[in-house]
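Given the structure is predicted, the values throughout are model-derived calculations rather than measurements.
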Amino acid sequence: MSDWLIYRGAGAPHDGIEQLPPPPPWRDFDGGPLVAPPAALDPSSERRLGVQHREASHHRPGETERELVNAALYLRRPLLVTGAPGSGKSTLAHSVAYELGLGRVLGWPVVSRSTLRDGLYDYDAIGRLQDLQIARAAPAAAESGAAPDPDPTDEPGGGIGRYIRLGPLGTALLPAARPRVLLVDELDKSDIDLPNDLLNVLEEGEFRIPELERLAGSAPEVEVLSDDGARVTVRDGRVRCKAFPFIVLTSNGERDFPAPLLRRCIHLHIPAPDKERLAAMVRAHFGEGAAERYEAVIDRFLDREPGDVRAVDQLFNAIHLTQRAGWTDEDEEETRRRLTAELMRPLDRTR
């Protein structure tokens with residue numbers, strides 16, 4: 001029965017995405033010419049992603065988690081992942097991208113002010129106006145002997161592409177041979193309208209940029225900047241995917257979502273991590289052998305009253321402090337115990 005699994009959750013990269021069957025007819029998208037795959041990461045980006053890659057390689061999903069991830073891949077549907085903070089919701093997106101070789105995870109951290117356009121694209125109209133004013137003043141600058149800046153009006157669409165940058169959702173919807181991975185983090189923190197605003201984009205796999213649509217007659221192809229920092233071509237002001245992206249929408253359960261969004265998603269609830277999963281997380285952050293070395297701290301984290309709320313970050317803080325402070329003497333054991341208890345105090349208690 002496991003032969004159908006494209007994502008296996010084993011922590012080892014493979015080319016299984018090439019065996020993904022065609023989409024259902026109602027989820028088959030016909031995006032235009034394919035864009036180039038994302039370029040290799042620069043060294044600083046590689047260092048930033050180091051911990052995420054370690055977490056991804058140590059992530060061991062349960063059977064239900066693996067099956068629902070694959071259901072989302074087969075059906076080309078977003079995956080709505082709910083669970084307590086620190087349960088591994090965000091790590092799941094990185095695990096899928098790492099194992100299936102789908103490149104950098106496109107991240108959209110949602111806040112109360114986030115709008116659909118924030119995820120799709122940004123247009124710097126003020127910057128464009130300022131540059132046009134500078135270009136018009138260039139003849140006077142040339143007369144004085146100064147070298148004029150390039151005239152943006154000489155570019156397609158009057159250079160408007162310089163001032164448009166696709167957001168993470170907009171970049172994920174670019175036509176590509178392989179799906180990109182998009183993490184829409186903490187959707188439950190959004191304004192009440194955002195989940196409904198997402199419906200059409202998630203269903204149609206496309207969006208339009210009005211500023212480019214208005215110029216389609218004179219400039220049908222305009223280069224804009226993607227979230228990856230690459231120049232990509234938008235045709236007729238429309239972006240439509242070819243391979244529907246693997247989208248992970250995370251929620252800490254702080255609100256309910258409208259039924260139209262729920263029916264467009266595969267819903268996965270991740271329970272609070274058990275000792276085995278916590279040990280894997282500790283190894284990812286602190287190296288091999290760390291889970292065994294700090295087993296007592298892990299046990300203390302798991303020893304809680306019914307209803308107590310703790311985040312995995314508290315466990316990491318306690319282990320890091322223990323590690324850096326170098327408490328080894330018996331005289332310091334009481335200090336370690338006391339501070340560990342304070343750092344792992346239940347979040348729903350103020351006393």
Side-chain angles (χ1 to χ4, degrees), residues 27 29 31-32 35 38 52 72 76-82 89-90 92-94 96-97 102-125 127 160-161 163-176 178-213 222-235 237-252 254-255 257-258 260-266:
R27 299 295 292 168
F29 301 97
V35 299
Q52 294 171 346
R76 275 64 168 184
R77 288 290 183 184
L79 186 69
L80 174 61
V81 185
T82 58
K89 302 186 296 296
S90 300
L92 178 60
H94 292 279
V96 173
L102 300 180
R104 179 180 75 92
V105 173
L106 298 163
W108 182 13
V110 172
V111 297
S112 61
R113 301 177 303 280
S114 296
T115 65
L116 177 61
R117 179 162 154 172
D118 294 332
L120 294 177
Y121 74 97
D122 176 67
Y123 171 47
D124 184 7
I160 191 174
Y163 308 97
I164 292 178
R165 179 167 186 146
L166 300 181
L169 174 56
T171 300
L173 291 173
L174 287 168
R178 289 185 168 196
R180 292 297 301 270
V181 177
L182 170 67
L183 173 62
V184 183
D185 208 13
E186 299 190 336
L187 182 61
D188 50 338
K189 287 184 168 51
S190 72
D191 177 85
I192 193 171
D193 292 327
L194 181 57
N196 282 315
D197 293 343
L198 282 167
L199 296 179
N200 189 63
V201 174
L202 297 181
E203 190 65 24
E204 302 299 328
E206 70 174 16
F207 69 98
R208 298 179 183 275
I209 303 176
E211 293 84 355
L212 298 185
E213 277 191 305
V222 177
E223 279 196 349
V224 302
L225 200 63
S226 73
D227 190 69
D228 295 311
R231 306 298 299 184
V232 294
T233 300
V234 174
R235 292 169 176 81
R238 174 176 173 258
V239 175
R240 181 172 173 83
C241 70
K242 184 72 174 175
F244 189 78
F246 179 73
I247 301 177
V248 176
L249 311 168
T250 74
S251 168
N252 293 329
E254 296 180 4
R255 63 183 281 194
F257 295 113
L261 176 68
L262 296 177
R263 76 173 178 83
R264 286 170 169 81
C265 298
I266 306 296

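Here the closest non-hydrogen pair linking Arg178 and Ala243 is C-CB, 3.8 Å. The shortest non-hydrogen separation linking Ala97 to Val105 is CB-CG2, 3.6 Å. In plain terms, the two heavy atoms of Trp108 and Thr115 that are nearest each other are CZ2-O, 3.4 Å. Here the shortest heavy-atom pairing between Pro245 and Pro179 reads CA-CB, 4.0 Å. Pairing each heavy atom of Arg76 with each of Arg27, the nearest pair is O-NH2, 2.8 Å. Annotation for Leu225 and Gly229: closest pair CD1-O, 3.4 Å, computed over non-hydrogen atoms.
If you take CD on Glu254 and OG on Ser190, they are separated by 10.5 Å, rounding to the nearest 0.5 Å. How far CZ of Arg77 is from CG of Leu202: 9.0 Å, rounded to the nearest 0.5 Å. Taken to the nearest 0.5 Å, the CD1 atom of Ile164 stands 4.0 Å off from the CG atom of Leu212. In this structure, Leu182 CG and Leu102 CG are separated by 12.5 Å, a value rounded to the nearest 0.5 Å. We find the CZ-CG distance between Arg264 and Leu80 to be 13.5 Å, quoted to the nearest 0.5 Å. Here the OG atom belonging to Ser251 is positioned 10.0 Å from the CG atom belonging to Asp185, to the nearest 0.5 angstrom.
For the pair Tyr123/Ile160, a side-chain contact is recorded, criterion being any heavy-atom separation below 4.5 Å from C-beta on. Residues Val248 and Leu183 have side chains in contact (heavy-atom distance under 4.5 Å, counting atoms from C-beta outward). Between Pro175 and Arg235 the shortest side-chain heavy-atom distance does not fall below 4.5 Å. You'll find the side chain of Val232 stays beyond 4.5 Å of the side chain of Glu223, heavy atoms only. You'll find the side chain of Leu198 reaches within 4.5 Å of the side chain of Leu187, heavy atoms only. Side-chain atoms of Tyr121 and Val224, non-hydrogen and from C-beta on, never get closer than 4.5 Å to each other. Counting heavy atoms from C-beta on, the side chains of Leu174 and Arg180 never come closer than 4.5 Å. At a threshold of 4.5 Å between non-hydrogen side-chain atoms, the residues Phe257 and Asp188 count as touching.
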For the pair Leu173 and Phe29, evaluate side chain to side chain contact (heavy atoms under 4.5 Å, CB included) and give the outcome as yes or no after the intermediate values.
CA-CA 10 Å; Leu173 291 173; Phe29 301 97; over 6 Å; no
Run the side chain to side chain contact (heavy atoms under 4.5 Å, CB included) check on Asp191 and Asp197 step by step: do they pass?
CA-CA 10 Å; Asp191 177 85; Asp197 293 343; over 6 Å; no
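The main-chain N or O of Pro168 is never found under 3.5 Å from a side-chain atom of Thr171 such that the two would form a donor-acceptor pair. Not one N or O on the side chain of Thr250 forms a donor-acceptor pair closer than 3.5 Å with the backbone of Lys89.
Shown here are the side chain to side chain contact (heavy atoms under 4.5 Å, CB included) partners of Asp124, two or more places apart in sequence or in another chain: Ile126, Tyr163. When the side chain to side chain contact (heavy atoms under 4.5 Å, CB included) test is applied to Glu206, the partners found at least two apart in sequence or on another chain are Glu204, Arg208, Arg238, Arg240.
Screening Val184, Leu116, Asp118 against Leu169 for a side-chain contact (heavy atoms from CB on, under 4.5 Å) leaves a single residue, Leu116.
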